[in-house]
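Each chain gets a letter, A, B and so on, in the order its sequence line appears, and its residues count up from 1. Being a predicted model, the structure only gives us computed values, none of them experimental.
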Amino acid sequence: MSDTIPADHNSALAPRRDFIREMVADDVANGHFGRAPATRFPPEPNGFLHMGHAKSICLNFGIAKEFGGTCNLRFDDTNPATEDVKYVEAIKRDIEWLGFQWDAEYYASDYFEKLYDIAEGLVRRDKAYVDSQTEQQIREGRGTVTTPGTPSVYRARSVEENLELLRRMRAGEFPDGAHVLRAKIDLAHPNMIMRDPLLLRIRHAHHYRRGNDWCIYPLYDFAHGLSDAIEGITRSLCTLEFKDSRDIYDWLVEEAGFVKPPTQIEFARLELDYTVLSKRKLLRLVNDGHVSGWDDPRMPTMAGLRRRGVRPDAIRAFADAVGVTRNKQRVEIGMFEHSIRDDLNMIVPRVLCVMNPIKVVLTNFPEGEVDELDASYYPHDVPLTGSRKVPFTRELYIDRDDFMEDPPKKFFRLAPGREVRLRYAYFITCQDVIKNDAGEIVELRCTYDPATRGGDSPDGRKVQGTLHWVSASHAVECEVRVYDRLFAQPDPDDVPDDQDFLTAINPQSLVRVTEAKIEPSVLRDAADTRYQFERVGYFWRDPDDSREDALVFNRIVGLRDSWAKQVTKK
RNA sequence: UGCCCCUUAGCUCAACUGGCAGAGCGUCUGACUCUGGAUCAGAAGGUUCCAGGUUCGAAACCUGGAGGGGCAACCA
């Protein structure tokens, strides 16, 4: 491998500025927190990481790295009903795969006792109370966005009674739903979140880490900011829908007495055209069998993208390209596809693979002879060197799409009487078209020009097309899985009211090509080699299903194809 | 009929904080090429959501409005 890859290929060198980095730079400049910038990535272990998380990971870990600070991994595991170790493991693997290493690994479930102590402190200062209303009553008592709520009859309980009840809640003396702990703030607050938010609820449930030893689980608003504060976070970065939670965040860290507590900054969550980025919807796709699992190569999950063959570098470059703002951020999938191509283009070897083979017989090429041709792995504009031999014989395959019996204008490929170049090989001219009884083309009879060996004509004549090809007797048959966008429309949720996003699924999102023919050199390559199949796209072996004697390739992303574009225009 | 956030090119973002509105992606042209890829050159694309105001000067500041979004789980 050469070390001449252009420096600008690595976009991580010059991360772009955004409003959050400006604020952190300010913090550093004026010593606002009195400690180095500290961020955290706080997933709930109830699903797999997707592109939305990748954006947040790049932001949080990126800031820590750029400012010489730290970034923790904290599992926000406060809901025993949905969480599992298998997600913890998958999340850790995905973060590392993306190229980041956390400074400390924490679990909100380790803070339950600390949170309880803070809760008791609030009760003692009459800042929290035990409410024994039903869920329904609490909801009604909260009022609506336009009408103030009404205080619970239990709001006036004495500190002693609240303390007693809270201790008995912790001791497990009450069933689920019997009581909750609420902050005592203001039932008429214009911000709904501040209308005496719930802090603790009783759940006699098995927690994947705590087992059955705890039964009063903190809610997000109670746990999150205080967990940040306990860890000494400086800036707590989260998505826009938590904006209203900032009030309770600030209220709690203040009430709990933290000095120079963390503060929250919100940014827009990522949306991508032609896919969905919500755990709930991704789970539907998995559970309803629309995809093969969380790691289906069509999924926008880290596991899916990894299996598809996308490199983490491409994901980081993409996160950097979309930036961080407070605008609604719905990004064209083409921008992501560009990042993937841009990452692969300069580093992967080119090989020849015929997706939809049609036989070509060179009538003037000696039977049984094999011409070993030199073929560079890289085009002239990629600063890498390396080549292999490809066998050229009397019988070849080319792609069916590269021949037309009656070609339209601007079709620069093979047609009767027309001469084209076979890549790295010879000029050939189509002399005859062989059809079966049904009138289907089954074989092309061509002649080759021995003087054009290597692909250049000594007499200087030009051909308009260059085709990829393989030797019929040497080619290896393989399966190629052509993955495309999971949904057929940019916004999968843009469907009639009586339908849901599943109706927008693209039925062509996976096309299996079972009789593709690839050049034999790939058998010598490492299993994780990524290729460009010339004129087709970027591919690699499916890490799960490909075997030595039954190769399976995944399409990572196609090439930009202006011919296809021209065709669809008509 | 509440509170909060957002609005700059088709998309995603800039604009040194009040001083000639730019970039990447996409689109279109052309050149070159042993990938119809890549590369190179060029073009199109803007009432900076609207209306007032402040100012020598506004994308930026002020007022009002419009449009989009978030908040009324014992989810996160």
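Residue Arg203(A) places at least one side-chain N or O under 4.0 Å from the OP1 or OP2 atom of C75(B). Within the 4.0 Å cut-off from OP1 or OP2 of C75(B), not a single side-chain nitrogen or oxygen of Thr78(A) is found. Regarding contacts with the backbone of G36(B), a side-chain N or O of Arg535(A) is found under 4.0 angstrom from either OP1 or OP2. Not one side-chain nitrogen or oxygen of Arg74(A) sits closer than 4.0 Å to the OP1 or OP2 atom of A76(B). Contact annotation: Arg201(A) reaches the phosphate of A76(B) (side-chain N/O to OP1 or OP2, under 4.0 Å).
Among the protein residues, Tyr217(A) comes within range of no part of the nucleic acid, since none of its heavy atoms lies under 4.0 Å from any strand. At a threshold of 4.0 angstrom between heavy atoms, the contacts of Phe411(A) include nucleobase atoms, whether or not backbone atoms are also involved. As judged by a 4.0 angstrom heavy-atom cut-off over every strand, Glu266(A) is placed among residues making no nucleic acid contact. Thr146(A) comes within 4.0 angstrom of a nucleotide base, judged by non-hydrogen atoms across all strands. Looking at heavy-atom distances under 4.0 Å, Arg421(A) makes contact with a base. Counting any heavy atom pair closer than 4.0 Å across all strands shown, Pro490(A) reaches no nucleic acid atom. Among the atoms of the strands shown, none is found under 4.0 Å from any heavy atom of Ser278(A). In this structure, Arg195(A) reaches neither bases nor backbone, as no heavy-atom distance under 4.0 Å exists between it and the strands shown. Within the nucleic acid shown, Gln133(A) comes within 4.0 Å of at least one base atom, counting heavy atoms only. Within the nucleic acid shown, Gly177(A) comes within 4.0 Å of at least one base atom, counting heavy atoms only. Within 4.0 Å of Arg330(A), counting heavy atoms only, lie sugar-phosphate atoms of the nucleic acid but no base atom. Among the heavy atoms of the strands lying under 4.0 Å from Val322(A) are primed sugar atoms or P, OP1, OP2 only; no base atom is included. Within the 4.0 angstrom heavy-atom criterion, base atoms lie near Glu534(A). Using a 4.0 Å heavy-atom distance criterion, His380(A) is classed as a base contact.
For Met169(A) and C74(B), the CE to P distance is 14 Å, given to the nearest whole Å. Distance Glu140(A) CD to C74(B) P: 12 Å, rounded to the nearest Å. Rounded to a whole Å, the OH atom of Tyr220(A) is 10 Å from the P atom of A76(B).
Arg170(A) forms a cation-pi arrangement with Tyr116(A), by the criterion of a distance under 6.0 Å to the ring centre and an angle within 45° of the ring axis.
Shortest non-hydrogen contact noted between Leu270(A) and Leu277(A) is O-CD1, 3.4 Å. Of all heavy-atom pairs between Val130(A) and Tyr154(A), the closest is O-CB, 3.7 Å.
Judged by distance alone, the side chain of Asp343(A) and the main-chain N or O of Ser339(A) form no donor-acceptor pair under 3.5 Å. Within the 3.5 Å criterion, the main-chain N or O of Gly323(A) finds a donor-acceptor partner in the side chain of Gln329(A).
Ring-plane geometry between Tyr217(A) and His207(A) is classed as parallel, the angle between the planes falling under 30 degrees on a 0 to 90 degree scale with a further cut at 60. Ring orientation note: the planes of Phe75(A) and Tyr107(A) are close to parallel, at an angle under 30° on the 30°/60° scale.
Under the salt bridge (charged side-chain N to carboxylate O under 4.0 Å, His left out) criterion, the residue pairs touching residues 450-471 of chain A are Asp371(A)-Arg453(A), Glu419(A)-Arg461(A), Asp449(A)-Arg461(A), Asp459(A)-Arg461(A), with sequence neighbours excluded.
When the P atom is used for both C56(B) and U48(B), the distance is 22 Å, rounded to whole Å. If you take atom C1' in G22(B) and the same atom in A15(B), they sit 7 Å apart, rounded to whole Å. Taking atom P in both A14(B) and U8(B), one finds a spacing of 11 Å when rounded to whole Å. The P atoms of A76(B) and C71(B) are separated by 15 Å, rounded to the nearest whole Å. Taking atom P in both G67(B) and C49(B), one finds a spacing of 16 Å when rounded to whole Å. The P atoms of C11(B) and G68(B) are separated by 16 Å, rounded to the nearest whole Å. Atom name C1', nucleotides U47(B) and A21(B): the rounded distance is 13 Å, in whole Å.
Side-chain atoms of Asp76(A) lie closest to A76(B) of the nucleotides A76(B), G36(B), A72(B). When the nucleotides U7(B), A14(B), U35(B) are ranked by their closest atom to the side chain of Asn327(A), U7(B) comes out on top. Looking at the side chain of Arg423(A), the nearest of the listed nucleotides C71(B), G24(B), U35(B) is U35(B). Checked against U35(B), A72(B), A14(B), the side chain of Thr144(A) finds its nearest nucleotide in A72(B). Checked against U17(B), G36(B), G2(B), the side chain of Glu22(A) finds its nearest nucleotide in U17(B). Ranking A76(B), G37(B), C25(B) by closeness to the Leu219(A) side chain, first place goes to A76(B). Here A38(B) is the nucleotide among A38(B), A72(B), A14(B) with the atom lying nearest to any side-chain atom of Arg560(A).
Not a single donor-acceptor pair, N or O on each side, falls under 3.5 Å between the base of U12(B) and the side chain of Glu332(A). In terms of polar N and O atoms assigned as donor or acceptor, the side chain of Arg413(A) comes within less than 3.5 Å of the base of G36(B) in a complementary pairing.
A syn base is found at U17(B): its glycosidic angle is within 90° of 0. With a glycosidic angle further than 90° from 0, A23(B) counts as anti.
The side-chain heavy atoms of Val354(A) and Phe533(A), taken from C-beta on, include no pair separated by under 4.5 Å. Pro490(A) places none of its side-chain heavy atoms less than 4.5 Å from the side chain of Glu332(A).
Residues that satisfy the ring pair (Phe, Tyr, Trp, His ring centres under 6.0 Å) test with Phe48(A), not counting sequence neighbours, are Tyr87(A), Trp294(A). In this structure Ala188(A) satisfies the side-chain contact (heavy atoms from CB on, under 4.5 Å) test together with Pro148(A), Asp186(A), sequence neighbours excluded.
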How would RNA chain B look in dot-bracket form, 5' to 3', counting Watson-Crick and G-U wobble pairs with both distances under 3.5 Å and writing | for bases paired to another strand? .((((((..((((.....[..)))).(((((.......))))).....(((((..]....))))))))))).....

Find every protein N or O atom lying less than 3.5 Å from an N or O atom of nucleotides 66-70 of chain B, and list the pairs.
| from | atom 1 | to | atom 2 | distance (Å) |
| --- | --- | --- | --- | --- |
| G70(B) | N2 | Asp244(A) | OD2 | 3.0 |

Could you go through Phe242(A) and Tyr249(A), starting from their C-alpha distance and side-chain angles, then the distance that decides it, and tell me whether this counts as ring pair (Phe, Tyr, Trp, His ring centres under 6.0 Å)? CA-CA 10 Å; Phe242(A) 294 105; Tyr249(A) 187 113; over 10 Å; no

Protein proximity profile, nucleotides 41-46 of chain B - base contact B, sugar-phosphate-only contact S, no contact -, cut-off 4.0 Å on heavy atoms: ------

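In summary, the side chains of Thr239(A) and Glu241(A) do present a donor paired with an acceptor at a separation below 3.5 Å, with no hydrogens or angles considered. Remark: the Tyr129(A) side chain and the Asp196(A) side chain contain an N/O donor-acceptor pair separated by less than 3.5 Å.
In summary, the aromatic rings of Phe553(A) and Phe539(A) are positioned with their centroids too far apart to meet the 6.0 Å limit.
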